[in-house]
Amino acid sequence: MIPLETLKKQHEEICDLIHVLSLLVPDERARKSPIVENLFSELAKKVSDHLVLEDDTLYKDLLVHQDAEIQRTARNFLSGSHGLKQVFSEYLQYACHPGSNQDECEAFVKETQDVFHMLQERIRMEESRFYPLAEKA
């Protein structure tokens, strides 16, 4: 059984964290605080848990589905999730820390906007294109 309601709930939690972090990261003092670091750790865990759950449930069933269109869509989304894991993992390694200089922190703020946009777009696409296919399968 594909746990679409659980996956959608995870999306909601990820989007909530993105929203909060989007407000905090532009503030110089906030983005260097341990609180924001903890929120990033929580976001990383939620994204990782979500991708693992998709791998273990959603893709497992849809990659072997008898409908070739569903298989193709599942392969495309799976490929995108591997790229997302890589980008997100690399991004978190370059967070702005108390010892970071101004240029590094400004680059981190810009990259945060880009990565958050990518995550939100991925969530939008999953919910509008991929999950409806999974519900039919």
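Just so it is clear, the values below take in all heavy atoms, side chains as well, and ignore hydrogens, waters and symmetry mates.
- Salt-bridge check for Glu126 with Arg122: passed, with a basic side-chain N closer than 4.0 Å to an acidic carboxylate O.
- More than 12 heavy atoms of other residues, nucleotides or ligands lie within 6.0 Å of CG in Leu23, so this atom counts as buried by the packing criterion.
- In this structure, CG in Leu51 is found 9.0 Å from NE2 in His82, a value given to the nearest 0.5 Å.
- Leu7 is listed as a side-chain neighbour of Leu58, based on a closest heavy-atom distance under 4.5 Å.
- With sequence neighbours excluded, the residues forming a ring-ring contact (aromatic ring centres under 6.0 Å, His included) with His50 are His11, listed by chain and number.
- Counted within 6.0 Å of NE2 on His19, heavy atoms from surrounding residues, nucleotides or ligands total 12 or fewer; the atom is thus considered open.
- One finds the OG atom of Ser33 at 12.0 Å from the CD atom of Glu28 (value rounded to the nearest 0.5 Å).
- For the pair Glu127/Lys8, a side-chain contact is recorded, criterion being any heavy-atom separation below 4.5 Å from C-beta on.
- Ionic pairing of Glu121 and Arg124 is present here: one or more N-O contacts between side-chain nitrogen and carboxylate oxygen are shorter than 4.0 angstrom.
- Counting heavy atoms from C-beta outward, Leu17 and Phe40 have side chains that stay 4.5 Å or more apart.
- Asp16 contributes atom CG, which lies 10.0 Å from atom CD of Glu42 (distance to the nearest 0.5 angstrom).
- For the pair Lys32 and Asp27, the salt-bridge criterion is not met [side-chain N within less than 4.0 Å of a carboxylate O].
- Linking ILVMFWY residues whenever their side-chain heavy atoms come closer than 4.5 Å, directly or via other members, leaves Leu63 and Val52 in distinct clusters.
- The existence of a salt bridge linking Lys45 and Asp49 is confirmed by a sub-4.0 Å separation between a basic side-chain nitrogen and an acidic carboxylate oxygen.
- Counting only distance, with no hydrogens or angles, the side chain of Thr57 and the backbone of Leu53 share a donor-acceptor pair below 3.5 Å.
- If you look at Phe130 and Tyr59, their ring centroids are closer than 6.0 Å.
- Under the side-chain contact (heavy atoms from CB on, under 4.5 Å) test applied with Ile18, the options Ile14, Leu21, Val20 reduce to a single match, Ile14.
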TODO: Evaluate the side-chain contact (heavy atoms from CB on, under 4.5 Å) criterion for residues Met118 and Phe88: first the C-alpha distance (whole Å), next the side-chain angles of each, then the deciding distance (0.1 Å), finally the verdict.
DONE: CA-CA 10 Å; Met118 181 182 10; Phe88 196 68; over 6 Å; no
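- Side-chain atoms of Val109 and Arg31, non-hydrogen and from C-beta on, do get closer than 4.5 Å to each other.
- Summarising the geometry, atom CG belonging to Leu119 is positioned 6.5 Å from atom CG belonging to Leu43; distances are rounded to the nearest 0.5 Å.
- Taking both residues in full, the closest heavy atoms of Leu24 and Ala30 are given as O-CB, 3.4 Å, listed atom of the first, atom of the second, then distance.
- Taking CD of Gln71 as the start and CG of Leu78 as the end, the distance is 12.5 Å to the nearest 0.5 Å.
- The aromatic ring centres of Phe108 and Tyr91 sit less than 6.0 Å apart.
- Checked against side-chain hydrogen bond (donor to acceptor under 3.5 Å, both in side chains), Lys60 has no partners two or more places apart in sequence or in another chain.
- One finds no salt bridge joining Glu104 and Lys110 here, because no Lys/Arg side-chain nitrogen approaches an Asp/Glu carboxylate oxygen to under 4.0 Å.
- Note that the CZ atom of Phe116 and the CD atom of Glu111 stand 10.5 Å from one another [nearest 0.5 Å].
- Sorted by first and then second residue, the salt bridge (charged side-chain N to carboxylate O under 4.0 Å, His left out) pairs with a member in residues 71-80 read Glu69-Arg72; sequence neighbours excluded.
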